[in-house]
Asks: 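Following this message is one structure expressed as C-alpha cells.
If you're wondering where the values come from, they're calculated on a predicted model, not measured in any experiment. By convention here, the first residue in the shown sequence is residue 1. Just so you know, these numbers use all the heavy atoms, side chains as well, and skip hydrogens, waters and symmetry mates.
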Amino acid sequence: MSKYSIEDILRLAVEEDVEFIRLQFTDMFGILKNVAITSSQLENALRNRCIFDGSVIEGFVRLEESDMYLHPDLDTFEIFPWRPQQGKVARLICDVYRPDGGIFEGDPRHVLKKVLKEAENMGYRFLVEPECEFFLFQTDEEGTPSLTSREKAGDFDVSPLDCSENVRRDIILNLEDMGIGVMASYHEKAPAQHEIDMEREEGVKIADNIMTFKMATRTIAKRHGHHATFMPKPRAGVNGSGMHLNITLLDREGRNVFADTEDERGLSETAYFFINGLLSHMQGLSLLTNPLVNSYKRLVPGYDAPVYLAWSVRANRSTLLRIPSVRGEDTKIELRNPDSAMNPYLALAGCLAAGLDGIRNRKKPPLPVEENLFDMTLEKRTELGVESLPETLGEAIHAFEKDAFIKNVLGEHIYSKYLEAKKREWREFRSNVTDWEVQEYLYKY
C-alpha cells in the first residue's frame, strides 16, 4: 500500500511551503541526476507528464529518440531538512519511461525491481543493511576538494582526535529527518575516514536510501567546509572505503529463511545455496560492485578488504563472505567487497540474482575457511580451491563478459552500454602515465 497519494503530496507541498521539487533519477554509473520544477508544475509531474532529454545521459538513448518521461515514486516524497525553511525544497525519486508508456530498459531502478519480482515469485523478500564508508577532506579557500586533513584519528576514536565528529552528527540528524534510520556511526581506521551504518530496508527502498545518503553526506560536508568522497581508495598506504552489504531473505510470513536451529552452524539449506550463488558469480559481478579503476586499489592484501572467494561462519574478515555471530531471526550474510562507488540498483540486483540462482541450482558451497587467508600460502589456497577476485578493472571486465548470467540480469541495453563504457575507462587508464611511473622510472631508465 502506498504511503502517499497525489492529493496527499499536493496538500503537503502547500502546508509545508514547498517551492521547488527535484525529480531525481540515477544513471547507469550510479550518478544522481535531477530535473528541478517549481510547485506550480508539481501536479503535472505527479501525473507523469515531465519530459527530459535522455540523449544527454550516457547510456540512455540516442539523439533521435531523446524524449523520456519521469514517473515519480510517490512514496519517496521528502523535504530536504538542510534547505531554507521558507520556500522549501523537496524531492521525488523517479522511474524512467519511454514516450509510449513502456518502461525504459536502461533505468537501473527497473533492473532491481525486475529481480525483486523474481524473488517475490519464489516467495522471498530481500533486505539489506549497508555499512557506508567515506572520507572527509578539507577544501581550499575556493571550495576545491583536496586530500588534506588535519586529523590523525583511527578506529573508534572520539573528539578531539576525531575532528569531524560534528559533521557526522549533522549528517545523521538530517538523514533521520528524511526517514532514514541509522544504526551506528564511528571513525574508521584511516585518518579522515568515517562509517555510517543504515538500518535494514527492503530492496528498492534501501537502494534509494543509499543514493539519498550519498547526496546528503556530500551536501552536509560541504556546509562544514569539507569534501565527502566515496572514491574507494583516495590515498595510498591506508585502508580504502567499502560498503559492506548485510543481506537477509524473509519468507512471505516474515521469517528469516537463512536460519535453521537444527544446523550445526545455524544456517538453512537456503542460506548455503545463496552463499554458493554469490561465490559462483562474484568475479563477474565485481564490475558492478567495484566499478572503477580505483576500486581495485582497495582490493589488495593488507588493508582489511577481501581478495579471496571464500566464506566464514566466524569473525574471519579475510573472506569475501562471512556470517556475523547473531543467529536465529537476525541471521544475515555479509558481503564485504562492494564499495561506495557502485550503482546500488545494479549491484543489489546482481547480488540478489546470484543468490537466487544459487537457490535454484541447490548446490552447497565449499567448506568455510576460518584461517586468515592473507597468511595462507598459495599452495594451501589452491588445495582448498580458493580463487581470487579480479585484481584490476581489466580482469573484472573479462570476468563480466565470461558470465552470461549477468547479461540476462541487466538486459541487453544496460549490459552493452555499461560494458562499452568500462572498456573505454580501462583503455584510457592504460594509456595514461601515472605519477608513480614517472617517479619510479624517469631517472632509472
Side-chain angles (χ1 to χ4, degrees), residues 111-128 202-203 245-253 255-260 262-290 306 308-313 319-324 327 331-338 345-369 381-390 395-396 398-412 414-415:
V111 174
L112 179 54
K113 285 185 173 183
K114 181 184 70 172
V115 180
L116 288 168
K117 185 64 177 177
E118 292 177 20
E120 182 184 339
N121 292 339
M122 293 173 68
Y124 302 124
R125 292 164 53 203
F126 175 64
L127 293 92
V128 177
E202 292 200 50
L245 302 175
N246 294 280
I247 298 169
T248 304
L249 279 191
L250 305 182
D251 64 17
R252 291 190 176 98
E253 285 71 45
R255 295 183 295 248
N256 189 325
V257 302
F258 288 161
D260 183 354
E262 302 299 316
D263 179 72
E264 62 177 332
R265 303 184 184 98
L267 300 175
S268 68
E269 278 199 327
T270 302
Y272 289 118
F273 299 151
F274 197 97
I275 289 167
N276 192 62
L278 284 172
L279 291 174
S280 299
H281 293 292
M282 192 47 64
Q283 287 179 321
L285 287 174
S286 293
L287 196 62
L288 299 179
T289 57
N290 307 92
Y308 303 111
L309 292 164
W311 70 288
S312 164
V313 291
T319 57
L320 174 73
L321 297 164
R322 75 178 193 99
I323 312 300
R327 290 293 188 273
T331 303
K332 53 196 174 187
I333 297 168
E334 181 185 353
L335 178 64
R336 298 175 51 78
N337 67 307
Y345 302 102
L346 298 184
L348 290 177
C351 292
L352 173 57
L356 295 178
D357 188 57
I359 293 172
R360 291 190 192 96
N361 291 331
R362 300 186 62 79
K363 184 178 178 182
K364 288 192 174 182
L367 290 173
V369 177
R381 291 198 303 272
T382 302
E383 179 187 327
L384 293 174
V386 175
E387 297 184 70
S388 299
L389 286 169
E395 289 186 13
H398 180 64
F400 184 83
E401 288 185 288
K402 279 178 58 180
D403 195 338
F405 164 82
I406 299 173
K407 185 174 183 179
N408 185 57
V409 174
L410 298 180
E412 173 62 35
I414 287 184
Y415 177 86

Asks: Between Thr331 and Asn256, does any side-chain donor sit less than 3.5 Å from a side-chain acceptor?
Replies: no

Asks: Heavy atoms only: give me the nearest Pro306-Leu320 pair and the separation to one decimal.
Replies: CB-CA, 3.8 Å

Asks: If every non-hydrogen atom of Arg265 is compared with every non-hydrogen atom of Trp311, which pair is closest and at what distance?
Replies: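 Looking at all heavy atoms of both residues, the shortest contact is CD-CH2, 4.3 Å.
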
Asks: Evaluate salt bridge (Lys or Arg N to Asp or Glu O under 4.0 Å) for Glu334 paired with Lys332, printing each intermediate quantity in order.
Replies: CA-CA 6 Å; Glu334 181 185 353; Lys332 53 196 174 187; over 6 Å; no

Asks: Run the side-chain contact (heavy atoms from CB on, under 4.5 Å) check on Phe274 and Ile247 step by step: do they pass?
Replies: CA-CA 10 Å; Phe274 197 97; Ile247 298 169; 4.1 Å; yes

Asks: Residues in side chain to side chain contact (heavy atoms under 4.5 Å, CB included) with Ala399, at least two apart?
Replies: Gln283

Asks: Nearest 0.5 angstrom please: Asn276 CG to His281 NE2, how far?
Replies: 9.0 Å

Asks: Heavy atoms, side chains only, cut-off 4.5 Å: are Tyr124 and Leu352 in contact?
Replies: no

Asks: Please list every donor-acceptor pair under 3.5 Å in which a side-chain atom of residues 404-412 meets a protein atom from a residue at least two apart or in another chain.
Replies:
| unit_1 | atom_1 | unit_2 | atom_2 | d |
| --- | --- | --- | --- | --- |
| Lys407 | NZ | Glu412 | OE1 | 3.2 |

Asks: Do Cys351 and Thr289 come within less than 4.5 Å of each other through their side chains, counting heavy atoms only?
Replies: yes

Asks: Pro366 and Leu279: which non-hydrogen atoms are nearest, and at how many Å?
Replies: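 The pair with the smallest heavy-atom distance is CD-CD1, 4.3 Å.
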
Asks: If you apply the rule side-chain contact (heavy atoms from CB on, under 4.5 Å), what do you find for Thr248 with Asn246, and how did you get there?
Replies: CA-CA 7 Å; Thr248 304; Asn246 294 280; over 6 Å; no

Asks: Are the side chains of Leu250 and Val257 in touch, meaning some heavy atoms are under 4.5 Å apart?
Replies: no

Asks: Over all heavy atoms of both residues, which pair between Arg252 and Met122 is shortest? Give the atoms and the distance, please.
Replies: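 Minimum heavy-atom contact is NH2-C, 4.4 Å.
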
Asks: Does the side chain of Met282 come within less than 4.5 Å of Leu285's, by heavy atoms?
Replies: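 Result yes, sub-4.5 Å side-chain heavy-atom pair found.
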
Asks: Indicate yes or no: at least one non-hydrogen side-chain atom of Glu118 is less than 4.5 angstrom from one of Arg360.
Replies: yes

Asks: Would the number of heavy atoms belonging to other residues, nucleotides or ligands and lying under 6.0 Å from CD of Glu253 be above 12?
Replies: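 More than 12 within 6.0 Å, yes.
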
Asks: Do the side chains of Leu116 and Leu348 get nearer than 4.5 Å, heavy atoms only?
Replies: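 No, side chains not in contact.
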
Asks: What is the minimum heavy-atom distance between Leu346 and Leu288, and which atoms define it?
Replies: O-CD1, 3.8 Å

Asks: What's the separation between atom NZ in Lys364 and atom CG in Leu267, rounded to the nearest 0.5 Å?
Replies: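 Here the rounded value is 9.5 Å.
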
Asks: What closest approach, in Å, do Pro390 and Ser286 show between heavy atoms, and which atom pair accounts for it?
Replies: CD-OG, 3.6 Å

Asks: Within this structure, what is the OG-CG distance for the pair Ser280 and Asn361, rounded to the nearest 0.5 Å?
Replies: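 Rounded to the nearest 0.5 Å, the OG-CG separation comes out at 8.0 Å.
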
Asks: Could you go through the salt bridge (Lys or Arg N to Asp or Glu O under 4.0 Å) check for Glu120 and Arg125 one step at a time?
Replies: CA-CA 6 Å; Glu120 182 184 339; Arg125 292 164 53 203; over 6 Å; no

Asks: Could you check if a side-chain atom of Phe258 sits within less than 4.5 angstrom of a side-chain atom of Tyr272, using non-hydrogen atoms only?
Replies: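 Contact flag for Phe258/Tyr272 side chains = no.
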
Asks: Are the side chains of Asn337 and Leu335 in contact, using a 4.5 Å heavy-atom criterion?
Replies: yes

Asks: To the nearest 0.5 Å, what is the distance between OG (Ser388) and CG (Leu309)?
Replies: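 One gets 7.0 Å once the value is rounded to the nearest 0.5 Å.
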
Asks: Determine whether more than 12 heavy atoms belonging to other residues, nucleotides or ligands lie under 6.0 Å from atom CD of Glu387.
Replies: no

Asks: Can you list the residues that meet the side chain to side chain donor-acceptor pair (under 3.5 Å) rule with Thr270, with sequence neighbours excluded?
Replies: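 Per chain and number, Thr270 pairs via side chain to side chain donor-acceptor pair (under 3.5 Å) with no residue.
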
